[in-house]
Amino acid sequence: MAPVGSRSIRLFRNLAVRLRLLRIACGRRYVYHDLARLLPPAAPEISDLRGDINPFALAREFPPSPGGLPDFAGIGPAAAFTRPELPPWNSEPGVAEFLGELIIRRKMRLVVELGSFVGWTSAHLALALRHNGAGRLHCVESVPDFIEVARANLARLGLIDWVEFLAGESLDASILARLPAAVDLVFLDTTHQYDATVKEIACYASRLTPQGCLVLHDSIRWGGVRRAVQEAAAAFRVFTFATEQGNGLTVLLKRP
Ligand SMILES: C[S@@+](CC[C@H](N)C(=O)[O-])C[C@H]1O[C@@H](n2cnc3c(N)ncnc32)[C@H](O)[C@@H]1O
């Protein structure tokens, strides 16, 4: 048995780390770099989520567009899209703007959003297509009431003509039959369950153009998405980022 003195030294040595973890847990601020900095003294290193990441390699894949960017901030805050009684499911602003900019930098035309909720990310995707001057956004959402809210939001912003809403589930045969056979961008933000995410990746990757991108939200915070992304590394080049609320975003590019 360790002497009482050395046990209390150990207790105090770890106290600061445990208090900081408690603060993060209470604040629900699971910021990846915070955890990565905190955990090594108390736990094994976090190494389950990797990326082939030289950030400049990703930047080279998406050179800036000479035509600049539209006014994404003019879309307004996510709070203006939703209703107080609905859950706070919108992606972070950095995610919405990243997706819009991706469409512009790659001059993408055909875009599918799986899980559009009240249309916050959809508005950024549609604004980017309008900026490019051509294209179509197909929004798949399983809850018809959310589609009505999203439709009203996109109409309010003058973006409705760029969007087709499909009520149903991402893997429904009837939905798949109505989506284009070749797609430039798929944004996947649905159940966050492992099995469903694995199937969605396989199903929609087969529709990606050779230069196409599959982007997943919540690839750090949600274990199911994280595991599916981890296993996708054999077939894709994987780029994972922390986002404002630590939810994480992953871009999958097909390996040549
Ligand atoms: C996290 S929210 C999407 C948020 C939205 N992409 C944004 O960032 O503003 C997830 C949405 O996916 C929908 N959903 C869940 N499972 C689905 C499925 N299998 N197919 C289509 N939509 C689904 C939910 O109803 C919900 O509206």
Side-chain angles (χ1 to χ4, degrees), residues 28 30 72-73 75-103 111-129 137-154 156-157 159 162-179 183 185-204 207 213-226 228-229 241-251:
R28 298 186 59 76
Y30 300 106
F72 287 121
I75 287 174
F81 277 61
T82 191
R83 295 177 185 154
E85 70 272 19
L86 295 181
W89 281 346
N90 301 293
S91 298
E92 300 100 313
V95 171
E97 290 189 20
F98 173 81
L99 291 165
E101 191 166 342
L102 203 59
I103 289 174
V111 177
V112 171
E113 180 178 42
L114 304 174
S116 45
F117 189 41
V118 293
W120 156 249
T121 33
S122 327
H124 291 73
L125 300 168
L127 182 61
L129 291 175
L137 169 63
H138 303 265
C139 290
V140 179
E141 168 57 55
S142 57
V143 178
D145 284 354
F146 293 162
I147 293 187
E148 289 322 305
V149 180
R151 204 189 290 282
N153 280 321
L154 282 138
R156 171 172 62 79
L157 293 164
L159 293 168
W162 297 87
V163 186
E164 179 191 11
F165 285 100
L166 294 90
E169 301 211 343
S170 50
L171 295 167
D172 283 353
S174 60
I175 293 288
L176 291 166
R178 291 173 58 197
L179 292 172
V183 181
L185 171 66
V186 177
F187 176 46
L188 206 168
D189 195 13
T190 57
T191 64
H192 300 67
Q193 303 299 312
Y194 168 73
D195 288 344
T197 306
V198 167
K199 287 182 190 152
E200 286 169 326
I201 291 174
C203 175
Y204 284 89
R207 293 191 181 215
C213 305
L214 210 157
V215 180
L216 296 98
H217 190 223
D218 295 317
S219 54
I220 290 176
R221 179 172 295 197
W222 281 79
V225 182
R226 203 167 63 225
V229 162
F241 309 93
T243 50
E244 291 100 307
Q245 291 164 23
N247 295 322
L249 192 74
T250 292
V251 179

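Remember, it's 1-based here, ligands and their atoms both numbered in the order they're listed. Just the heavy atoms: all of them, side chains too, but no hydrogens, waters or symmetry mates, feed the values below. These numbers were taken from a predicted model, which means no experiment stands behind them.
Of all atoms in ligand 1, listed by their number and element, those nearer than 4.0 Å to a heavy atom of Phe187 are 6 (N). Residue contact check: Phe146 has heavy atoms under 4.0 Å from atoms 25 (O), 27 (O) of ligand 1. Atoms of ligand 1 lying under 4.0 Å from any heavy atom of Val143, numbered from 1 in the order shown and given with element: 25 (O). Within ligand 1, the atoms closer than 4.0 Å to a non-hydrogen atom of Gly168 are 20 (N), 21 (C), numbered from 1 in the order shown. For ligand 1, the atoms sitting less than 4.0 Å from at least one non-hydrogen atom of Glu113 are 6 (N), numbered in the order shown with element in parentheses.
Regarding atom 20 (N) of ligand 1, its nearest protein heavy-atom neighbour is Ser170 N, 3.0 Å. Protein heavy atom nearest atom 7 (C) of ligand 1, with residue, atom name and distance: Thr121 OG1, 3.1 Å. In terms of protein heavy-atom proximity, atom 12 (O) of ligand 1 is nearest to Gly115 CA, 3.3 Å. At the shortest separation from atom 8 (O) of ligand 1 among protein heavy atoms lies Ser91 OG, 2.5 Å. Atom 1 (C) of ligand 1 has its closest protein heavy atom at Trp89 O, 3.4 Å. In terms of protein heavy atoms, atom 10 (C) of ligand 1 is closest to Asp189 O, 3.1 Å. Remark: minimum distance from atom 14 (N) of ligand 1 to any protein heavy atom is reached at Ser142 OG, 3.3 Å. Nearest to atom 25 (O) of ligand 1 among the protein's heavy atoms is Glu141 OE2, 2.6 Å.
His217 and Glu92 form a side-chain donor-acceptor contact under 3.5 Å, judged by distance and modelled atom types alone.
Rounding to the nearest 0.5 Å gives a distance of 13.5 Å between OG1 of Thr121 and CZ of Phe98. Once rounded to the nearest 0.5 Å, the distance linking CG of Leu214 with OG1 of Thr250 reads 10.5 Å. For the atom pair Thr82 OG1 and Asn153 CG, the distance stands at 8.5 Å (nearest 0.5 Å).
Residue Thr191 places a heavy atom under 4.0 Å from ligand 1.
In terms of modelled atom types and a separation under 3.5 Å, the side chain of Glu141 and the main chain of Phe117 share a donor-acceptor contact. Looking at Tyr204, its side chain never comes within 3.5 Å of a backbone N or O of Val183 through a donor-acceptor pair. Using a distance-only test at 3.5 Å, with no hydrogens or angles considered, no donor-acceptor pair links the side chain of Arg207 to the main chain of Val186. Side-chain N or O atoms of Asn247 include none that pairs as donor or acceptor with a backbone N or O of Ser91 at under 3.5 Å.
Contact of the Leu86 side chain with the Phe146 side chain is registered, since non-hydrogen atoms from C-beta on lie closer than 4.5 Å.
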